[in-house]
There are 2 protein chains.
Amino acid sequence: MSYKIKSRIWIESENNVLLGEGRVQLLKAIHTNGSLSKAAKSLNISYKKAWQLLDSVNKSAKKPVTINSVGGKGGGGAQLTAYGKALVEAFDEINKNCWRFLDEQLSRIELL
Amino acid sequence: MSYKIKSRIWIESENNVLLGEGRVQLLKAIHTNGSLSKAAKSLNISYKKAWQLLDSVNKSAKKPVTINSVGGKGGGGAQLTAYGKALVEAFDEINKNCWRFLDEQLSRIELL
DNA sequence: ATTCGTTATATTTGTAAAAACATAACGAAA
DNA sequence: TTTCGTTATGTTTTTACAAATATAACGAAT
């Protein structure tokens, strides 16, 4: 067969994106790095892009996904809320389930 | 809830895309229009882009997906092969199944 | 009060993808 | 043999998006 099926999923609210793969990756990087700027560096994206993504997520979420602090020792930082962590986990699980589902669907096709 | 989950799926072979939503849409338009140029017009894309897409599909498919004829009465035309039709149907079905599956997955999430 | 690495934001520059434009080749039919 | 609307392809222009650059504001700790 040798064909592969791929997918991209995302969750929207009123034509604003809440979560997608990039956003989830960013939230994970924030969690492990403790700041948005370090998270951006770790993903090789500009701080600005990271900030825009995070801002967009926080705006379309029902509750805050991160707590951002500015100034102070170390300059500040950002950390995931419990809600944010739960969202990340939920998204990842749906995504994995989707992959499994699609692989199974593809294997039924005899034409390829 | 009011959140919606969306997806994009595609089938690849050795990092070339065989089918995706745009390609399938194009194949359908070829089938209903009888020519690539008319199909492109109906989709509001340039002929060149349509040709490149179709070429890519035919190159990564095991068997021809369209039969293209150049010259002659009416200038020529393009039509789907039986194999092409079968691929389109298979893709559409997987896609619909995926939508159903994802909606069902989303409905399990209580956080949203 | 100075320092520091952040968050937050605006502005400019660069780049890759898309669109637009142009044109050759084709071949059945009149 | 001329005509026609195609397929097939190259070239240029435009546009959208990402990247780069710059800078203000912040506030706990020293």
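Order of the sequence lines sets the chain letters (A, B, ...), proteins ahead of strands, with each chain counted from 1.
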Residue whose nearest DNA chain C nucleotide is more 5′ - A:Gly34 or B:Lys49: A:Gly34
Terminal axes of the helix from C:dA1-D:dT30 to C:dA30-D:dT1 (five pairs each): angle between them, nearest 10 degrees: 10°
In whole Å, what is the span from the [atom1] atom of [X] to the [atom2] atom of [N]?
{"X": "A:Tyr47", "N": "D:dA18", "atom1": "OH", "atom2": "P", "answer": "18 Å"}
{"X": "B:Asn58", "N": "D:dT7", "atom1": "CG", "atom2": "P", "answer": "13 Å"}
{"X": "A:Leu53", "N": "D:dA19", "atom1": "CG", "atom2": "P", "answer": "11 Å"}
{"X": "B:Leu54", "N": "D:dT7", "atom1": "CG", "atom2": "C1'", "answer": "10 Å"}
{"X": "B:Gln52", "N": "D:dT11", "atom1": "CD", "atom2": "P", "answer": "14 Å"}
{"X": "B:Asp55", "N": "D:dT9", "atom1": "CG", "atom2": "P", "answer": "7 Å"}

Sidechain N-carboxylate O distance under 4.0 Å for [X], [Y]:
{"X": "B:Glu89", "Y": "B:Lys85", "answer": "no"}
{"X": "B:Asp55", "Y": "B:Lys59", "answer": "yes"}
{"X": "A:Glu104", "Y": "A:Arg108", "answer": "yes"}

Sugar-phosphate only, base, or nothing, as touched by B:Ser35 at under 4.0 Å among non-hydrogen atoms: sugar-phosphate
Sugar-phosphate, base or nothing in reach of A:Lys38, heavy atoms under 4.0 Å: sugar-phosphate
Donor-acceptor contact below 3.5 Å, side chain [X] vs main chain [Y]:
{"X": "B:Asn95", "Y": "B:Phe91", "value": "no"}
{"X": "A:Ser60", "Y": "A:Ser13", "value": "no"}
{"X": "B:Thr81", "Y": "B:Val65", "value": "yes"}

Neighbour count above 12 (heavy atom, 6.0 Å) for A:Gln52 CD: yes
B:Glu21 atom CD, over 12 foreign heavy atoms within 6.0 Å: yes
Just wondering, do [Y] and [X] contact through their side chains at under 4.5 Å, heavy atoms?
{"X": "B:Leu87", "Y": "A:Leu112", "answer": "yes"}
{"X": "A:Val88", "Y": "A:Asp92", "answer": "yes"}
{"X": "A:Asn68", "Y": "A:Leu36", "answer": "no"}

Modelled atom types, side-chain donor and acceptor of B:Asn58 and B:Thr66, under 3.5 Å: yes
Residue mapping more 5' on DNA chain D - nearest nucleotide basis, A:Ser46 or B:Val70: B:Val70
Residue closer to the 5' end of DNA chain D, A:Lys73 versus B:Gly72 (nearest nucleotide): B:Gly72
Those residues of residues 20-29 of chain A lying under 4.0 Å from DNA chain C by at least one heavy atom: none
From D:dT9, D:dT7, D:dA20, nucleotide with atom closest to B:Trp51 side chain: D:dT9
First-last contacting nucleotides on DNA chain C - partner chain B, under 4.0 angstrom, heavy atom: C:dA19 to C:dA29
Distance-only donor-acceptor test (3.5 Å): side chain B:Lys48, base D:dG10: yes
